[in-house]
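To keep things clear, I will list the structure first and then write my remarks on it.
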Amino acid sequence: MNVFFEGALKSGVSDSLKSLYGMEAGIDSIHFQETKKEFEGDVTLVTFPFIKSSKKSPEETGKEIGKYLEEKTNFIASFNVVKGFLNLVITEEFWKNFFLTVSADPSWLFDPTKNETLSRGKKFLMVEYSSPNTNKPLHLGHVRNNLLGYSVAGILEAAGHRVMKVNLVNDRGVHICKSMLAWKKFGHGETPESSGMKGDHLVGKYYVLYDRKYKEEVEHLVNKGTVREEAEKKAPLQLEIQDMLRKWEAGDKETLDLWNLMNGWVYKGFDVTYKKLGVGFDKMYYESNVYLLGKKIVEEGEEKKVFFRKEDGSVWVDLTDVGLDQKLLLRGDGTSVYITQDLGTAQLRFDEFPGLDQLIYVVGNEQEYHFKVLKEIFKKLKRPWVDGLFHLSYGMVDLPSGKMKSREGTVVDADDLIKEITEEAEMTTKALGKLDDFDSEEAKHLYHVIGMGALKYFILKVDPKKRMLFNPAESIDFNGHTGPFVQYTFARIRSVMRKGENVNFSVSLSLQNIRMTKEEKHLVRLIYNYPSVASEAAAGLSPALIANYVYELAKAFNHFYHDHVIVDEAAMELSVFRLQLSALTAAVISRSMNMLGIEVPEKM
RNA sequence: GGUCCCGUAGCUCAGUUGGAUAGAGCAACUGCCUUCUAAGCAGUAGGCCAUUGGUUCGAAUCCAAUCGGGAUCACCA
């Protein structure tokens, strides 16, 4: 619902309670809900909370409030009371006025500077997402992360916030060293060019190879009588990795050159995948640049006696007072751990961007503990921006066979997935055979748009915090509650509008002689709801809300389309109204899908 | 074991600031294309909202316990 009339309605109810029963009810304590389909009305007020004051039956109370509203406000046409539920019918005049307003200027719906429902307090937000390791290509789990992050940023922007999308690339550490070492020993100088492999896949291949060779070494040692734990530490490859890490930290040229070379391959590969996913970033951070930053904060904490040092020189924070554990912040040898760098980067960002209100981390739920710790530490350090730290946690993507495991080869690779889904879109589209006038470039683009629409919608429509099941064989559908369904509805509207453009209607939009049908009113209502849905989605960082809303809207349009003739030369005024209604629906669909990062096609 | 998240139709999911008879889609079965795109529309069937107890005018929604599933509690990142 929308402040457009909700505010007035609430104060109407508040007034009525006061004058009828002498009850002081704050505007915020009054809640409406949409009237259920089975009953007549647009909004419903539950009267039970008021019967204590009214000392009358729910029915009676409802009737009195309804009567009051009908008389004292100008947009209640009628009302009825069923079992204590006061159903209010909004006047057709109201919907017509709304429709005329947004038809004349659709920006009223979309522009946060014009629509106060849409923007409730402009903020400056940073969304960190993606944050890949550079030792292997992206998989399905990353896909969920990227789509979520990009979409959340889009939703926040649509609500009028200033948003920065950032990516913290995990470009250093043992994982990349493993790929480097395996490539150096077994790669024979193989490159993306020589192998024809995408760079990230090539590097990933050596990561897997390292793991295999390392296991062989461990088994070999175990067979010769070494205890497994011991063998894992003493395998030659493991020792070489340690050596390589040290060299990297010491700035050894040969190591850094190799590191740069292989990371370069990976970035090229990532760029291709990001582009296909349609995601992007305003700023890239690299762990190799920031991993030392946290040390200053550790020093500060020590001075402030918030942290403490153990005999071996390691620095810790004690969080047992807030139900967490003691946490290591700096190793005895002075090197940093994972959280050290996150301390540093968080500080860096608030320093770098004055006025930053919120830092949203889109990271899997396996790191909930980590972010809790991070926040508690900054709380102890009394950072004024600590409440702006937010971990947008999401669940794993599981396969029917269970968890994805890279070592067991059960990961769903992002590039493969995109390829398959695009091919599927192509097959389906061709089978329907509606694209005779498309050239091959256009067609290719369309397959991609539809395929990605299906994938993105599939992932974004579910609540982020739930783990979701992905069945590669049957998960992605193009019918029903899917992205392509919504895309199709948009294309259908555009098709009708093209027909409308070819007809010369010599009247302008006027609703004087029009009685809206049930379906038309339903559509107008849904369009009316857009700003509050958008604003709710922004407040809750929830793409799923948008996805479900736009589905409902598309369904409502298809229903309307089925029962009504839109372009009819014999009924000019009506046609102009219906075309306008269709156009507005299309605009809202397009906007909503955009927030999900999904394109809508003119034809499909 | 402690902490956190999840459990709704055969399957995938909505609905969770307490409100009326719990909603979609897929799969199954029926209809609807000489008229604006049938990737559509209409219909049938499918439910002990994990279980038990509590809170109250009212509970899928809040509280407690139990049972299932997952995550986490590293001098890994």
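So you know, we letter chains A, B, ... as the sequences are listed, proteins then strands, and number each from 1. The basis for the numbers below is simple: all heavy atoms, side chains too, and nothing from hydrogens, waters or symmetry mates. A quick note: this is a predicted structure, and the numbers were derived from the prediction, not measured.
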| request: Taking the side chain as every heavy atom from C-beta outward, state whether A/R525 and A/E34 have any pair of such atoms under 4.5 Å apart. | output: yes
| task | Taking the side chain as every heavy atom from C-beta outward, state whether A/N133 and A/I176 have any pair of such atoms under 4.5 Å apart. | result | no
| field | 5'-to-3' dot-bracket of RNA chain B (Watson-Crick, G-U; under 3.5 angstrom; crossing pairs as [ ]; | other strand) | value | (((((((..((((.....[...)))).(((((.......))))).....(((((..]....))))))))))))....
| task | When you get a sec, tell me which of B/C13, B/C41, B/A20 is the closest nucleotide to the side chain of A/F485? | result | B/C41
| Min side-chain heavy-atom separation A/M497-A/V567 under 4.5 Å | no
| said: How would you summarise protein contacts on nucleotides 57-63 of chain B per nucleotide, using B for base, S for sugar-phosphate only and - for none, with heavy-atom distances below 4.0 Å? | reply: B------
| Of the nucleotides B/C5, B/G40, B/G70, which one has an atom closest to the side chain of A/K465? | B/C5
| Is there aromatic stacking of A/F39 against B/A20, centre distance under 5.5 Å, plane angle under 30°? | yes
| field | Sidechain N-carboxylate O distance under 4.0 Å for A/K83, A/E59 | value | no
| Who pairs with A/K10 by side chain to side chain contact (heavy atoms under 4.5 Å, CB included), at least two apart in sequence or on another chain? | A/E6, A/I27, A/I30, A/F32
| said: If I pick the C1' atom on B/U8 and the same atom on B/U3, what distance separates them, to the nearest angstrom? | reply: 26 Å
| task | In whole angstrom, give the distance that lies between atom CZ of A/F371 and atom C1' of B/C4. | result | 15 Å
| message | For A/Y394, does the six-membered ring have the charged nitrogen or CZ of A/R144 within the cation-pi criterion, i.e. under 6.0 angstrom from the centroid and within 45° of the normal? | response | no
| B/A14 to B/C6 separation - P atoms, rounded to the nearest Å | 11 Å
| Hey, are the side chains of A/E287 and A/V169 touching, using non-hydrogen atoms and a 4.5 Å cut-off? | no
| request: Walk me through it: do A/N263 and A/T134 pass the test side chain to side chain donor-acceptor pair (under 3.5 Å)? | output: CA-CA 6 Å; A/N263 270 340; A/T134 59; 2.9 Å; yes
| Close approaches to RNA chain B from residues 560-578 of chain A, in residue order (heavy atom, under 4.0 Å) | A/Y561, A/H562, A/H564, A/V565, A/I566, A/V567
| Distance, C1' atom - from B/G7 to B/C48, rounded to whole angstrom | 15 Å
| field | A/N87 CG - B/A20 C1' separation (whole Å) | value | 9 Å
| note | Between CE of A/M427 and P of B/A39 the distance, given in whole Å, is 16 Å
| query | With distance as the sole criterion, do the side chain of A/T44 and the base of B/A20 form a donor-acceptor contact below 3.5 Å? | reply | yes
| request: Classify every nucleotide of nucleotides 24-29 of chain B by which part a protein heavy atom approaches to under 4.0 Å, writing B for the base, S for the sugar-phosphate alone and - for neither, in 5'-to-3' order. | output: SSS---
What pairs of donor and acceptor atoms, side-chain ones from residues 539-556 of chain A against any protein atom, are under 3.5 angstrom apart with sequence neighbours left out?
from: A/S542; atom 1: OG; to: A/L545; atom 2: N; distance (Å): 3.3
from: A/N548; atom 1: ND2; to: A/A544; atom 2: O; distance (Å): 2.9
from: A/Y549; atom 1: OH; to: A/L526; atom 2: O; distance (Å): 2.6

| query | In whole Å, what is the span from the CG atom of A/L392 to the P atom of B/C5? | reply | 15 Å
| said: Which residues in residues 542-549 of chain A have a heavy atom closer than 4.0 Å to any atom of RNA chain B? | reply: A/N548
| message | Heavy atoms only, 4.0 Å cut-off, all strands: where does A/M497 land among base, sugar-phosphate and nothing? | response | nothing
| message | With the stacking rule set at 5.5 Å and 30°, tell me whether A/F85 counts as stacking on B/A20. | response | yes
| query | Could you state the CG-P distance from A/N471 to B/C13, rounded to the nearest angstrom? | reply | 11 Å
| request: Using a 4.5 Å cut-off on heavy atoms from C-beta on, say whether the side chain of A/E569 contacts that of A/S575. | output: no
| 5'-most contact on RNA chain B: A/K434 or A/L86, nearest heavy atom basis? | A/L86
| query | OP1, OP2 of B/U21 versus side-chain N and O of A/K36: anything below 4.0 Å? | reply | no
| said: Using side-chain heavy atoms (C-beta onward) and a distance below 4.5 Å, is A/V43 in contact with A/N87? | reply: no
| said: Using the P atom as the point on both nucleotides, what is the distance between B/C67 and B/A60, in whole Å? | reply: 24 Å
| task | Using the C1' atom as the reference point in each nucleotide, state the distance between B/G46 and B/A24 in Å, no decimals. | result | 14 Å
| salt bridge (charged side-chain N to carboxylate O under 4.0 Å, His left out) with A/K310: which residues, sequence neighbours excluded? | none
| said: Taking only side-chain N and O atoms of A/K466, does any of them lie within less than 4.0 angstrom of OP1 or OP2 on B/G7? | reply: yes
| message | Using whole Å, what does the distance between atom C1' of nucleotide B/C5 and atom NE2 of A/H391 come to? | response | 12 Å
| message | Are A/H142 and A/H139 an aromatic pair, judged by ring center distance below 6.0 Å? | response | yes
| said: Are more than 12 heavy atoms, taken from residues, nucleotides or ligands other than A/E602, located less than 6.0 Å from that residue's CD atom? | reply: yes
| query | A/F438 CZ to B/U37 P: how many Å, rounded? | reply | 13 Å
| field | Closest listed nucleotide, where the reference is the side chain of A/I450 and the choices are B/G70, B/A39, B/C41 | value | B/A39
| message | Tell me whether A/K430 is salt-bridged to A/E426, with the criterion being a basic N under 4.0 Å from an acidic carboxylate O. | response | yes
| message | With rounding to the closest Å, how many angstrom separate the C1' atoms on B/A59 and B/A20? | response | 14 Å
| Listed partners of A/R246 passing salt bridge (charged side-chain N to carboxylate O under 4.0 Å, His left out), at least two apart | none
| task | Could you work out the separation of B/A50 and B/A27 based on their C1' atoms and round it to a whole Å? | result | 24 Å
| message | Syn or anti for B/C33? Use the chi torsion, O4'-C1'-N9-C4 for purines and O4'-C1'-N1-C2 for pyrimidines, with syn inside 90° of 0. | response | syn
| So, A/Y447 versus A/E442: side-chain donor-acceptor pair below 3.5 Å or not? | no
| said: Between P on B/U12 and CG on A/D398, what's the gap in Å once rounded to a whole number? | reply: 11 Å
| said: A/K603: which residues meet the salt bridge (charged side-chain N to carboxylate O under 4.0 Å, His left out) condition with it, sequence neighbours left out? | reply: A/D437
| Would you call A/L330 and A/T340 a side-chain contact if the rule is heavy atoms closer than 4.5 Å? | yes
| field | Whole-angstrom distance between B/C36 and B/G43, as gauged at atom C1' | value | 25 Å
| Has A/R494 got a side-chain N or O lying under 4.0 Å from the OP1 or OP2 atom of B/C36? | no
| said: Given the structure, check if the side chain of A/T429 and the base of B/A39 hold any donor-acceptor pair shorter than 3.5 Å. | reply: yes
| said: With a 4.0 Å cutoff (strictly under), does any side-chain N or O of A/K372 reach OP1 or OP2 of B/U3? | reply: no
| field | Under 4.0 Å protein heavy-atom contact, by nucleotide of nucleotides 72-77 of chain B - B base, S sugar-phosphate only | value | SS-BSB
| note | Applying salt bridge (charged side-chain N to carboxylate O under 4.0 Å, His left out) to A/K379 and not counting sequence neighbours gives A/E376
| task | Kindly indicate whether the side chain of A/L374, heavy atoms from C-beta on, has any atom under 4.5 Å from the side chain of A/Y361. | result | yes
